[in-house]
Each structure stands twice: as C-alpha cells, then as structure tokens.
Amino acid sequence: MAASYVERVLDVVDRVPAGRVLTYGDVAELVGVAGPRQVGRVLATWGDAVAWWRVLRADGTHAPRLRAEATRRLRAEGTPMRDGGRVDLAAARWAG
DNA sequence: AGCCTGACAGATA
DNA sequence: GTATCTGCCAGGC
C-alpha cells in the first residue's frame with residue numbers, strides 16, 4: 001500500500017471538529033489522494049482509530065453497513081440532520 | 001499479467 | 001425522488 005496518503009487522510013479526519021462533516025471527495029482533495037474511493041478504503045482499513053463517521057458521502061448518507069452507527073454518532077454530536085437521517089451538508093460541511 | 005470488488009462521485013434515464 | 005452506468009485508484013485472488 002502507499003502508506004503516504006493514509007497518514008494524511010487519518011490526520012485530516014482527526015482534525016474535523018465534532019458536529020462537522022466532510023465528504024469523501026473533500027477529504028480526497030484536501031489530502032491530494034487520487035480518488036475518493038481511496039479515502040473510503042483508508043477508513044475501512046485504518047478508520048477504527050479516527051472519527052470516520054464525520055466523513056460521509058456527497059449526498060449526506062453512508063453505506064448501509066455504516067448508516068446505523070454513523071447516524072447515531074452524528075446525532076450525539078449535534079450534527080445538523082435532515083429528515084431521513086441524512087446530514088445537512090450545507091450546514092455541517094467543514095471547510096478545513 | 002488479468003479480473004473482480006469496493007465505507008465514492010457525477011451524469012444520465 | 002430512485003435506478004443504472006461509467007470513471008477513478010488500490011487491493012485481493
């Protein structure tokens with residue numbers, strides 16, 4: 001693996017304040033990773049050490065596997081949520 | 001080497 | 001609004 005960007009991804013996610021979120025695409029752009037899928041891969045493998053639930057998809061939802069856990073955590077942090085358990089990206093998106 | 005899969009995004013129907 | 005396709009990069013077999 002190219003562990004170089006892994007540290008950067010984890011670092012960025014770790015800097016995201018509670019109640020704020022980022023899309024995979026945003027993280028990818030911030031760290032310079034060539035593709036949002038790699039961000040997801042990083043979190044899937046080493047995400048257990050960071051606040052992975054603050055990184056979500058462009059439509060404000062997570063994959064079915066994470067939906068329950070992530071929604072619970074985000075709600076506990078006071079993240080702006082829209083009806084349906086979706087995150088209000090317009091209000092919760094972190095600039096960095 | 002080739003082929004399939006994935007915690008994605010954007011476009012299209 | 002949902003369903004499907006394509007492009008992207010990395011990893012596993």
Side-chain angles (χ1 to χ4, degrees):
Chain A
M1 70 185 107
S4 48
Y5 70 81
V6 174
E7 297 180 20
R8 237 179 305 185
V9 171
L10 297 177
D11 185 60
V12 170
V13 176
D14 191 55
R15 291 174 193 272
V16 180
R20 296 302 199 101
V21 297
L22 278 176
T23 67
Y24 291 94
D26 288 338
V27 176
E29 194 170 344
L30 284 172
V31 304
V33 176
R37 303 196 71 156
Q38 279 48 264
V39 177
R41 263 192 37 74
V42 170
L43 295 179
T45 309
W46 301 277
D48 54 323
V50 295
W52 53 263
W53 55 91
R54 288 173 193 161
V55 182
L56 54 163
R57 293 177 27 172
D59 60 353
T61 64
H62 291 89
R65 169 190 171 119
L66 313 168
R67 192 171 58 77
E69 190 77 15
T71 302
R72 193 165 63 91
R73 300 240 189 203
L74 290 172
R75 189 177 51 199
E77 293 182 350
T79 307
M81 306 280 288
R82 299 178 82 182
D83 188 59
R86 257 169 298 163
V87 176
D88 185 2
L89 286 173
R93 199 176 181 191
W94 183 53

Gln38(A) has an atom CD; how far is it from atom C1' of dC8(B), in whole Å? 9 Å
Does Arg54(A) reach a base, just sugar-phosphate, or nothing at all? Heavy atoms under 4.0 Å. nothing
To the nearest 0.5 Å, what is the distance between CH2 (Trp53(A)) and NE2 (His62(A))? 10.0 Å
Which value, rounded to the nearest 0.5 Å, describes the distance between Thr71(A) atom OG1 and Arg73(A) atom CZ? 12.0 Å
Taking CG from Leu43(A) and C1' from dG6(B), how many angstroms apart are they, rounded to a whole number? 13 Å
Could you state the CZ-C1' distance from Arg65(A) to dA7(B), rounded to the nearest angstrom? 8 Å
Taking atom C1' of dA7(B) as reference, at what distance in whole Å does atom CG of Leu10(A) sit? 14 Å
In whole angstroms, how far is the C1' atom of dG6(B) from the CH2 atom of Trp46(A)? 14 Å
Rounded to whole angstrom units, what separation is found between the CH2 atom of Trp52(A) and the C1' atom of dG6(B)? 16 Å
State plainly whether the residues Glu77(A) and Arg54(A) are in salt-bridge range, i.e. N to O under 4.0 Å. yes
Is a salt bridge present between Arg93(A) and Asp26(A), judged by a nitrogen-to-oxygen distance below 4.0 Å? yes
Validation row: Thr23(A), Leu89(A) side chains within 4.5 angstrom (heavy atoms): yes
I'd like a table of atom pairs between the protein and nucleotides 9-13 of chain B - only N or O on both sides, under 3.5 Å - with the distance next to each one.
unit_1, atom_1, unit_2, atom_2, d
dA9(B), OP1, Ala58(A), N, 3.0
dA9(B), OP2, Ala58(A), N, 3.0

Nearest-Å distance for atom pair CG/P, residues Asp83(A) and dG1(C): 12 Å
Give, for atom OH of Tyr24(A) and atom CZ of Arg57(A), the distance between the pair rounded to the nearest 0.5 Å. 8.0 Å
Is Arg41(A) side chain donor-acceptor paired with the dG6(B) base, going by distance under 3.5 Å alone? no
Starting from C1' on dC5(C), measure out to CZ on Arg37(A) and report it in whole angstrom. 13 Å
